[in-house]
Amino acid sequence: MKKGVVILGGLILGLAFCVPAVAQPSAKAVETIVIDNFDTDMEWSWGVQASRFIADGYPILKKFEGIPNSLVPYHKDSDPEAMVLGIKAKYNRKGDNWFEVFPSKDDSAYEIPFVGTVTQIDFWVWGANYNYRLEVLIRDADGRVHTLKAGNLMFSGWRNIVVNVPGYIRQHSRFRSGRPDMTFVGFRIRSDANEAVDDYVIYFDQLKYTTNTLANVYDGYALKDADFGESESSSGTADAE
């Protein structure tokens with residue numbers, strides 16, 4: 001009896017391996033999208049604002065020629081000159097000082113919309129070996145701003161930072177009238193209460209994110225924004241010819 005069971009099991013296993021493989025449809029299209037590499041002009045610029053004890057004339061935001069060594073092999077001679085975004089801050093006293101770096105458009109803060117469902121935000125940052133902390137600010141589909149911790153900046157030179165986007169953050173509204181996408185608000189740099197604040201600099205480069213661009217695309221997606229031509233005289237019935 002046991003022998004028969006073994007033979008039957010072997011036949012079933014063999015048939016399983018003989019079944020031809022069939023390609024399954026995929027709802028994933030994982031891509032890496034560059035928000036800004038700071039080499040060329042975008043539809044937005046960058047702005048900076050700081051807490052109350054900032055010294056007169058600061059913070060200063062400026063682009064500089066430069067690139068992290070790890071990115072040099074990917075920069076071609078035909079590409080625009082490699083640039084990075086730099087900020088210099090100086091405060092009148094120690095304490096809970098901070099400044100924020102954010103996209104700007106038409107002299108106002110501008111939030112960059114993400115495409116798809118984002119899993120990671122990735123960028124390069126140059127640390128000055130100060131005990132400062134870096135945060136990434138994003139706004140979810142419900143309009144709430146979330147602070148994602150990006151670590152301590154107590155290191156010298158360039159470092160690649162990867163920040164995971166938690167699954168509990170709503171990236172797409174379930175309502176047609178809701179916010180269409182999650183957005184990138186900016187960076188916040190915050191000093192330790194006992195750290196020096198009289199001469200601080202930081203640089204950013206190659207801001208990008210990893211996303212599933214098909215995560216919120218479904219059969220009939222285009223009908224979501226169909227124009228019904230609403231007016232006061234709309235009858236509520238379809239015309240028939």
Side-chain angles (χ1 to χ4, degrees), residues 34-39 42 44-72 82-104 109-112 114 118-140 144-166 169 182-210:
V34 177
I35 293 178
D36 204 339
N37 60 12
F38 308 106
D39 298 346
M42 307 294 288
W44 60 80
S45 56
W46 289 86
V48 61
Q49 62 182 4
S51 52
R52 59 180 297 192
F53 295 116
I54 192 74
D56 289 342
Y58 294 89
I60 301 172
L61 184 145
K62 185 179 179 182
K63 285 187 179 181
F64 293 87
E65 181 181 353
I67 187 174
N69 283 338
S70 297
L71 298 181
V72 171
M83 305 291 287
V84 300
L85 184 69
I87 303 95
K88 184 171 185 178
K90 181 181 292 189
Y91 296 89
N92 295 319
R93 51 175 276 187
K94 294 181 179 181
D96 184 23
N97 298 301
W98 56 265
F99 63 90
E100 294 177 347
V101 184
F102 54 89
S104 176
Y110 171 69
E111 298 181 10
I112 301 171
F114 289 105
V118 181
T119 56
Q120 294 179 327
I121 300 173
D122 182 323
F123 53 91
W124 286 81
V125 61
W126 189 97
N129 207 23
Y130 280 50
N131 189 14
Y132 283 34
R133 299 181 304 280
L134 177 61
E135 301 167 343
V136 178
L137 307 177
I138 59 176
R139 190 184 301 275
D140 67 17
R144 290 187 293 265
V145 174
H146 296 263
T147 300
L148 306 181
K149 295 181 180 180
N152 193 286
L153 292 166
M154 206 167 183
F155 56 85
S156 297
W158 288 107
R159 181 174 292 184
N160 183 220
I161 304 294
V162 178
V163 179
N164 293 321
V165 179
I169 295 179
M182 182 176 72
T183 54
F184 174 81
V185 177
F187 296 104
R188 180 187 292 135
I189 297 89
R190 190 182 295 275
S191 72
D192 182 85
N194 296 314
E195 184 59 286
V197 294
D198 59 334
D199 184 24
Y200 182 75
V201 294
I202 188 172
Y203 301 92
F204 291 96
D205 198 15
Q206 199 70 17
L207 173 60
K208 57 186 183 294
Y209 61 95
T210 303

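From a predicted model like this one, the values you see are computed outputs, not experimental measurements.
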Criterion side chain to side chain contact (heavy atoms under 4.5 Å, CB included) on Leu137 and Thr147, from CA distance to verdict: CA-CA 5 Å; Leu137 307 177; Thr147 300; 3.5 Å; yes
Hits for side-chain hydrogen bond (donor to acceptor under 3.5 Å, both in side chains) against Trp46, two or more places apart or cross-chain, chain-then-number order -> Asp36
How close do Asp140 and Met182 get, counting heavy atoms only, and between which atoms? CA-CG, 4.2 Å
Is any side-chain heavy atom of Ile60 closer than 4.5 Å to a side-chain heavy atom of Val48? no
Distance, nearest 0.5 Å, that separates CD1 of Ile112 from CE of Met42: 7.5 Å
Spatial distance of atom CG (Asn97) from atom CD1 (Ile189) [nearest 0.5 Å]: 12.5 Å
Under the ring pair (Phe, Tyr, Trp, His ring centres under 6.0 Å) rule, collect the residues that match up with Tyr91, sequence neighbours excluded. none
Enter the distance from Trp98:CH2 to Ile54:CD1 here, rounded to the nearest 0.5 Å. 10.0 Å
Within-4.5 Å side-chain heavy-atom neighbours: Trp158 and Val84: yes
Side chain Asn160, main chain Phe123, donor-acceptor under 3.5 Å: yes
Go through the structure and list residues passing ring pair (Phe, Tyr, Trp, His ring centres under 6.0 Å) with Phe64, not counting sequence neighbours. Tyr203
Rounded to the nearest 0.5 Å, the CZ atom of Phe99 sits from the CD atom of Gln49 at a distance of 11.5 Å
Kindly write out the residues that satisfy side chain to side chain contact (heavy atoms under 4.5 Å, CB included) with Ala55, not counting sequence neighbours, or none if the list is empty. Tyr58, Lys90, Asn92
What one should report as the nearest heavy-atom pair of Gly47 and Ser104 is N-CB, 4.2 Å
By side chain to side chain contact (heavy atoms under 4.5 Å, CB included) - contacts of Asn129 (at least two apart): Met154, Ser156
Hey, could you give me each pair passing salt bridge (charged side-chain N to carboxylate O under 4.0 Å, His left out) that has a residue in residues 183-195? Not counting sequence neighbours. Asp96-Arg190, Glu100-Arg188, Glu135-Arg188
Would you please name every residue forming a ring pair (Phe, Tyr, Trp, His ring centres under 6.0 Å) with Phe204, sequence neighbours left out? Phe187
Just to verify, what does Gln206 make a side chain to side chain contact (heavy atoms under 4.5 Å, CB included) with, not counting sequence neighbours? Val34, Asn37, Leu71, Trp124, Lys208
Main-chain N/O of Thr119 paired with Thr210 side-chain donor or acceptor, under 3.5 Å: no
Between Arg139 and Val185 the two heavy atoms that sit nearest each other are N-CG2, 3.7 Å
Is there a side-chain contact between Val197 and Phe53 in this structure, where contact means two heavy atoms from C-beta onward sitting under 4.5 Å apart? no
Going from CD1 on Ile169 to CD1 on Ile138, what distance comes out if it is rounded to the nearest 0.5 angstrom? 4.0 Å
Who are the ring pair (Phe, Tyr, Trp, His ring centres under 6.0 Å) partners of Tyr132, not counting sequence neighbours? Tyr130, Tyr200
Test side chain to side chain contact (heavy atoms under 4.5 Å, CB included) on Asn152 and Asn131 and set out the steps. CA-CA 7 Å; Asn152 193 286; Asn131 189 14; 2.8 Å; yes
Tell me every residue that passes salt bridge (Lys or Arg N to Asp or Glu O under 4.0 Å) with Asp199, counting only those two or more places apart in sequence or in another chain. Lys88
Any salt bridge (charged side-chain N to carboxylate O under 4.0 Å, His left out) involving residues 44-72? Give me the pairs, sequence neighbours left out, ordered by first then second residue. none
CG of Asp205 to CD1 of Ile67, rounded to nearest 0.5 Å, is 6.0 Å
Donor-acceptor check, side chain of Asp39 to backbone of Met83, threshold 3.5 angstrom: yes or no? yes
For Ser191 and Ala196, indicate whether the former's side chain and the latter's backbone hold a donor-acceptor pair under 3.5 Å. no
